[in-house]
Novice: 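Structure incoming, see below.
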Amino acid sequence: MKTLKDLGDLSGKKVLVRCDFNVPLDGTTITDDGRIRAALPTLRELLKDNAKVIIMAHLGRPKGKVVPELSLAPVAKRLGELLGVNVTLAHDTCGEDAKAKTDAMKPGEVVLLENVRFNPEETSKDPAVRAPYAKKLSALADVFVSDGFGVVHRAQGSDYDVAKDLPSAAGLLIEKEVRNLSRATENPERPFTVVLGGSKVSDKLGVIENLLDKADRLVIGGGMVFTFLKAKGYEVGHSLLEEDMIDTVKGYMETAKKNGVELVLPTDIVAADKFAADSPAVTVDADKIPADKMGLDIGPKSQKLFHDKIVDSKTVVWNGPMGVFEFPRFAAGTKAVAQGLVDATKNGAFTIVGGGDSASAVRNLGFKDDEFSHISTGGGASLQFLEGKELPGLSVLE
Ligand code: AMP
């Protein structure tokens, strides 16, 4: 993979940079600026080199239309504060304003182009539709730096096609993501524990399949665990369940046994009447979930079990919450797992929090980035990496 140094002297050059600024917003307030902070090393490096920095990014899912609420204006403001330089927002992505503002740039200046997903071509599956649009983006600059790790699992205009048009390289964030994720998947120090949660088994099939012959231990929680409990023949009430995945999950259980992978499931569950923050909660054994209740978190015994399994590891990868952590009453399982990773890190283990939502979850639960070895900025991208699949936005930088 080509890196910044392969681009040579960038002084005075227009450098188009793809960043992942898809931050959570409450109105116009950014509730977690982790993704903006993660982009700073590359941007600072380019500014130090006296480049003209032109940034492309997306926010939310405007589906190819201009949606004023999804303007990057709050990002431009926050980025300016963090970088300590003025960040000019162009009011389009590759139209007249983008052209005028980037033409007027001086070395050391920063222009942020408006949300690339306001353009329907950006995410088109048809390369012939994306190509002319990507050419307009490429025409704004001399070279391209890909640093939006959160999007490299998709071939899109601003991460894939521009890389074909311009001399290109990975930025420092992508370099770091690839180095850390490879460390966990290629030659992990053992025991290697993978913790998976989140809502659906079907989203994590590829990861489970790939890691069933790499990990020593697979710890499962979250909404997806009820399909595992059902596969064991337990009553799961009206917890989240993917009926059509039960046989697949049974297959995983057999493969785990055959491969000597320890499959760790919760032994108790915090269950409630309904999916609501104030729904009264009871703790029940995992094989005794009442038929009229739903499991919304792992129970206290499981929290300790999961924590201890994590601490007894040299490499830990975690993706997906253990329960409905958005409701404080059902956040303890996710907190216990996060604490497990923190304690493992203190013991010298290499720990990765994978995925945008898990990353926001740990920050919102009060944990600090430096308490983990690595917090990945990419949800889908880190999962696809863990699946061992090719990521088009990375291959194009080879
Ligand atoms: P994902 O996007 O697949 O990583 O899933 C994240 C979501 O899973 C979060 O919004 C959680 O609230 C949700 N979740 C976790 N555990 C449960 C559960 N037991 N029941 C329902 N939803 C859950």
Side-chain angles (χ1 to χ4, degrees), residues 22 24 26 31-32 60-61 150 153 194-208 211 218-231 234-243 245 249 264-290 292-300 302-303 306 317-338 341 352-365 375-387:
N22 192 23
D26 183 2
T31 54
D32 175 12
R61 294 189 178 168
H153 57 310
V194 177
V195 188
L196 293 177
S199 47
K200 289 188 182 159
V201 186
S202 48
D203 286 347
K204 314 253 153 105
L205 294 179
V207 182
I208 300 176
L211 294 175
L218 203 53
V219 178
I220 310 264
M224 63 191 272
V225 84
F226 300 100
T227 306
F228 282 78
L229 297 178
K230 187 82 180 178
Y234 299 169
E235 165 71 52
V236 297
H238 49 262
S239 306
L240 263 190
L241 176 65
E242 285 173 280
E243 294 269 7
M245 286 290 136
V249 163
V264 184
L265 298 176
T267 55
D268 58 349
I269 293 290
V270 178
D273 296 335
K274 57 181 194 312
F275 190 91
D278 59 354
S279 189
V282 289
T283 300
V284 294
D285 286 344
D287 58 353
K288 294 191 185 61
I289 300 174
D292 61 345
K293 295 204 187 292
M294 66 196 312
L296 295 181
D297 197 9
I298 57 170
S302 313
Q303 290 163 26
F306 284 18
V317 173
W318 170 34
N319 186 298
M322 294 294 108
V324 186
F325 70 96
E326 296 93 336
F327 302 155
R329 188 170 285 179
F330 307 106
T334 303
K335 242 186 213 167
V337 162
L341 268 83
I352 294 187
V353 181
D357 292 342
S358 312
S360 298
V362 296
R363 291 192 190 105
N364 290 333
L365 290 173
I375 299 191
S376 177
T377 52
S382 66
L383 277 178
Q384 198 157 315
F385 201 100
L386 297 174
E387 286 172 20

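Counting convention: from 1, in listed order, for ligands and their atoms alike. Note that the numbering runs from 1 along the sequence shown for the chain.
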Novice: By number and element, which atoms of ligand 1 are closer than 4.0 Å to a non-hydrogen atom of K204?
Specialist: 4 (O)
Novice: Could you find the nearest protein heavy atom to atom 10 (O) of ligand 1 and give me its residue, atom name and distance?
Specialist: E326 OE2, 2.5 Å
Novice: What atoms in ligand 1 come closer than 4.0 Å to a heavy atom of L240?
Specialist: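 Answer, ordered by atom number: 21 (C), 22 (N).
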Novice: Roughly how far, to the nearest 0.5 Å, is OG1 of T283 from CD1 of I269?
Specialist: 9.5 Å
Novice: Measure the distance from atom 2 (O) of ligand 1 to every protein heavy atom, then report the residue, atom name and distance (to 0.1 Å) of the closest one.
Specialist: D357 OD2, 4.0 Å
Novice: Heavy atom to atom 20 (N) of ligand 1, shortest distance: which of S239, A331, G295 holds it?
Specialist: G295
Novice: Looking at atom 15 (C) of ligand 1, what's its closest protein heavy atom, distance included?
Specialist: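 Closest protein heavy atom to atom 15 (C) of ligand 1: G323 O, 3.2 Å.
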Novice: Answer yes or no: are there more than 12 heavy-atom neighbours, outside D26 itself, under 6.0 Å from its atom CG?
Specialist: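 No.
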Novice: Looking only at heavy atoms, which two atoms of D32 and R363 are closest? And how far apart?
Specialist: OD2-NH1, 3.0 Å
Novice: Considering only non-hydrogen protein atoms, determine which one is nearest to atom 23 (C) of ligand 1 and report residue, atom name and distance to 0.1 Å.
Specialist: V324 CG2, 3.6 Å
Novice: Please could you name the atoms of ligand 1 that G198 approaches to less than 4.0 Å, counting only its heavy atoms?
Specialist: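 Going through ligand 1 atom by atom, the ones under 4.0 Å from G198 are 1 (P), 3 (O), 4 (O), 5 (O), 6 (C), 8 (O).
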Novice: Would you check whether S199 has a nitrogen or oxygen atom less than 3.5 angstrom from a nitrogen or oxygen atom of ligand 1?
Specialist: yes
Novice: So do V270 and F330 actually touch side chain to side chain, heavy atoms under 4.5 Å?
Specialist: yes
Novice: Report the distance from atom CG of L265 to atom CD1 of I220, rounding to the nearest 0.5 Å.
Specialist: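 L265 CG to I220 CD1: 6.5 Å, rounded to 0.5 Å.
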Novice: Touching ligand 1 at all, F330? Heavy atoms, strictly under 4.0 Å?
Specialist: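 No heavy atom of F330 comes that close to ligand 1.
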Novice: Rounded to the nearest 0.5 Å, what separates atom CG in L229 from atom CG in D287?
Specialist: 9.0 Å
Novice: Heavy-atom contacts with G223 under 4.0 Å: which atoms of ligand 1 show up? List them by number with element.
Specialist: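 Listed by number with element: 15 (C), 16 (N), 17 (C), 18 (C), 19 (N).
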Novice: Find the distance between CG (L205) and CD (E242) and round it off to the nearest 0.5 Å.
Specialist: 8.0 Å
Novice: Walk me through whether F275 and F327 qualify under ring-ring contact (aromatic ring centres under 6.0 Å, His included).
Specialist: CA-CA 10 Å; F275 190 91; F327 302 155; 5.3 Å; yes
Novice: List every atom of ligand 1 that sits less than 4.0 Å from any heavy atom of F226, numbering the atoms from 1 in the order shown and giving each element.
Specialist: 19 (N)
Novice: Does M224 have a non-hydrogen atom less than 4.0 Å from ligand 1?
Specialist: no
Novice: Do V195 and M322 come close enough that some side-chain heavy atom pair is under 4.5 Å?
Specialist: yes
